[in-house]
Amino acid sequence: MFEILSRFFKFCDAENRRKFHLSIALGVLNSFFMALRIAAVAVMVQAVIKNLCEAQPFEAGTIWLSSGIIFASTVFAIITKKTESMLQTEGGYRTCAKKRIEIAEHLRYLPMGYFNANSLGQITSVTTNTMELVGDVATRAVMLVTQGLLDSALIILMIFFFDWRIALVALAGFLLFQFVNVFMRLAVKNISAKKIEADEAQIGKILEYIQGIAEVKAYNLTGSRRKELNDRIDTCIKNCIAMEMRCIPISALQGLVAKLTGVAIMFSSILFYLGGSMELANCAVMLICSFMLFTALEAGGNYSALLRIIDIGVKKAQAILDLPTMDINGKEGGESLPLANAASLNQCDNLNIVAQDISFAYDKRKIIDGVSLTIPAGSTTAFVGPSGGGKTTLCHLLSRFWDVDSGSVTLAGKNVRDYDMDSLMKNFSFVFQNVYLFHDTIANNIRFGQPDAPMEKVMEAAKKACCHEFISALPDGYNTVIGEGGANLSGGERQRISIARAIMKDAPVIILDEATANVDPENERDLMAAVNELTKEKTVIMIAHRLKTVRNADQIFVIDKGKIAEHGTHDELVKNKGIYARFIESRKAAVSWKL
């Protein structure tokens, strides 16, 4: 238990950890003030017994003393409990918020391979369910268990002042209670892990079902897909019930131990009184203490089963935070890369991008195999080749979305690993084939790279990207809220907004990954105009299958099976009669291809 509590407190940040530590200190005071009730009861009981048995007068001072102790202890108990609860609540929710932000920030610096290897459901579950446990359930469970232990310990300590024999009985009951509590945590150990895994699988299936709902409907898979989702939900229900069923018998045994501890204290007290070794007043006080100890033990034990689930959740969250980032091989503090402007880009050879014998494998399958190339600053480079040849992966390696397994990629004469990620990413803009727009206004989606940019700059970028007209025609114009992923816009409109976003960022290196592949002829003219505006005086790296987008490139690399099969200009490669020439001929033969 103490290991779990220690891990939980370590998981919290320093500021909120101090709040929890302070709340524990206040909990000790609260337990002390609550235990003072024993002294108040003892004073009153002793006076009553002496009045009845020895005919001693019942003095008003005794009433005032007992009432004063109870009043003072109650007032201070309320104050400490209120402050303690506020600290616990604030510490829990702030820890939850900070860890969510910390995890989100950490995910930004992880290699893309992590997101391929781990399901979205698992990542989402950690940032939702796990953090909810930390912010709500964990805080209450941890602090209630801690408070129960403190209350029990102080009550036993207080009993020592009255009769050490009864204190030993109470201590034995306390230790037996904790022994049973250990069995409870062990009993739910495996099922807790299964419950967490079932939660992750359920969230993953829900996300998959929602994201793929169009395909599910189109292929009439509603029934089968719904069955899979229902199976995941049923598994979660079964795991929750199984955990409860494991806890109930041990929880009942735990409650029985708490009750029997109270009975043992009562029986021992009466036995000692009848044997003449304990005064009647002390016997009466011990009878009251037996109920107080029973209440404290139950309060500490009822939530202890949740500690195992909390511990697994905290470990999963910490595992993400412990993953090595891409900043200086996992360490922060990389060298800053100044943002190049158009003038310096055209005049400085040091801003070239150079790949030297780079290789990369994903899941033991080699994607890039010994590629070396140079992309001069201010030039336009095109990657063409068969699907699955490694073009997109190569772009990701050049921009350090992934790290190479061997070889090196340099920008401005320095290995990209030596730059901090934020300054490196400022030098790259991306326009992908599949555009993702956020559930926000069009203006905020465009100013994504410059959150504080004024509306004038947003509109200027939109005009350059040829999307000002259709945005202005919307009911709320630039304040129109886009559905998640840009669902309420056409493909061409989403693409042009993403280009406006890239224009706003104004990075010196532009990577176009099939940016015009899915655009209809009506939008192609506007989109090409937007691309031309975006790529003015920039270093351009493009992946394209359309001849008109690659034939004017300064150099073309044909990527096949992870290697450079051909390299040259359009005219040079056509003369070579190789893969690129066959690529051109196939496009000419296509009905939709025009030269």
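Since we're looking at a predicted model, the values are computed, not measured.
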Is there a side-chain contact between I564 and I559, using heavy atoms and a 4.5 Å cut-off?
-> yes
Please tell me if the side chains of I446 and Y478 come closer than 4.5 Å, counting only heavy atoms from C-beta onward.
-> yes
May I ask you to decide whether D403 forms a salt bridge with R417, counting only side-chain N to carboxylate O separations under 4.0 Å?
-> yes
Interatomic spacing from CZ in F557 to OG1 in T381 - rounded to 0.5 Å | 6.0 Å
Measure the OG-CD1 distance between S498 and I503 for me, rounded to the nearest 0.5 Å.
-> 9.5 Å
Is S379 reaching over with its side chain to a backbone N or O of I375, donor-acceptor style, under 3.5 angstrom?
-> no
Show your reasoning for whether side chain to side chain contact (heavy atoms under 4.5 Å, CB included) applies to L474 and I442.
-> CA-CA 10 Å; L474 294 172; I442 290 178; 3.4 Å; yes
Using a cut-off of 6.0 Å, state whether more than 12 heavy atoms not belonging to F470 lie near its atom CZ.
-> yes
CA sep, side-chain torsions, deciding dist, call: F383, L373, side chain to side chain contact (heavy atoms under 4.5 Å, CB included) = CA-CA 11 Å; F383 293 149; L373 55 83; 4.2 Å; yes
Look at D506 together with K538 and state whether they make a salt bridge at an N to O cut-off of under 4.0 Å.
-> yes
Is E469 close to S472 at the side-chain level, that is, under 4.5 Å between some pair of heavy atoms?
-> no
Taking it one step at a time, do K19 and T95 satisfy side chain to side chain contact (heavy atoms under 4.5 Å, CB included)?
-> CA-CA 11 Å; K19 291 178 180 178; T95 294; over 6 Å; no
Reported OG1-to-CG distance for the pair T569 and N552, which is rounded to 0.5 angstrom | 11.0 Å
Atom CZ in F430, atom CE in M425: separation rounded to 0.5 Å?
-> 5.0 Å
What is the minimum heavy-atom distance between T441 and N479, and which atoms define it?
-> CG2-O, 3.6 Å
Using only heavy-atom distances, determine whether the side chains of D513 and T392 contain a donor-acceptor pair under 3.5 Å.
-> yes
Is there a donor-acceptor contact under 3.5 Å from the side chain of R551 to the main chain of H570?
-> no
M455 vs R447, side chain to side chain contact (heavy atoms under 4.5 Å, CB included): CA-CA, chis, key distance, verdict | CA-CA 9 Å; M455 184 58 73; R447 60 160 68 96; 4.0 Å; yes
Measure across I541 and C395 and return the closest heavy-atom pair with its distance rounded to 0.1 Å.
-> CG2-SG, 3.9 Å
If only atom types and distance count, is the side chain of D369 paired as donor or acceptor with the main-chain N or O of G562 below 3.5 Å?
-> no
Sub-4.5 Å side-chain heavy-atom contact between I358 and L394 | yes
On a heavy-atom basis, the closest approach of H439 and I482 is ND1-O, 3.1 Å
Among all residues two or more places apart in sequence or in another chain, which pass the salt bridge (Lys or Arg N to Asp or Glu O under 4.0 Å) test with K463?
-> none
So, the side chain of K391 versus the backbone of G385: is there a donor-acceptor pair under 3.5 Å, distance only?
-> yes
Ion pair check, D560 and K563, cut-off under 4.0 Å | no
What is the minimum heavy-atom distance between Y419 and R400, and which atoms define it?
-> O-NH1, 4.1 Å
Side-chain donor or acceptor of T539 paired with backbone N/O of A377 under 3.5 Å = no
Nearest heavy-atom pair of S429 and A507: which atoms, and what distance?
-> OG-CB, 3.4 Å
Once you round to the nearest 0.5 Å, how far does CD1 of I367 lie from CG of L397?
-> 10.0 Å
Centroid-centroid distance, F428 to F401, less than 6.0 Å | no
Charged N to carboxylate O below 4.0 Å: is that the case for E102 and K99?
-> yes
For L398 against A355, the heavy-atom pair lying closest together | CD2-CB, 4.0 Å
Other residues, nucleotides, ligands: >12 heavy atoms within 6.0 Å of R17 CZ = yes
Distance-only side-chain donor-acceptor flag, H567 / Y580, under 3.5 Å = no
Is it true that a side-chain atom of T380 and a backbone atom of D554 form a donor plus acceptor pair closer than 3.5 Å?
-> no
Side-chain contact, heavy-atom cut-off 4.5 Å: R501 with L437?
-> yes
Go through the steps for K457 and E460 under the test salt bridge (Lys or Arg N to Asp or Glu O under 4.0 Å), then give the verdict.
-> CA-CA 5 Å; K457 290 193 66 175; E460 181 182 349; over 6 Å; no
D13: salt bridge (Lys or Arg N to Asp or Glu O under 4.0 Å) partners, not counting sequence neighbours = K98
Please check if the side chain of N445 supplies one atom and the backbone of F438 the other of a donor-acceptor pair under 3.5 Å.
-> yes
Short question: side chain of Q318, backbone of F11 - any donor-acceptor pair under 3.5 Å?
-> no
Is there a donor-acceptor pair under 3.5 Å between the side chain of Q555 and the backbone N or O of T374?
-> yes
Hey, could you give me the CE/NZ distance between M504 and K464, rounded to the nearest 0.5 Å?
-> 10.0 Å
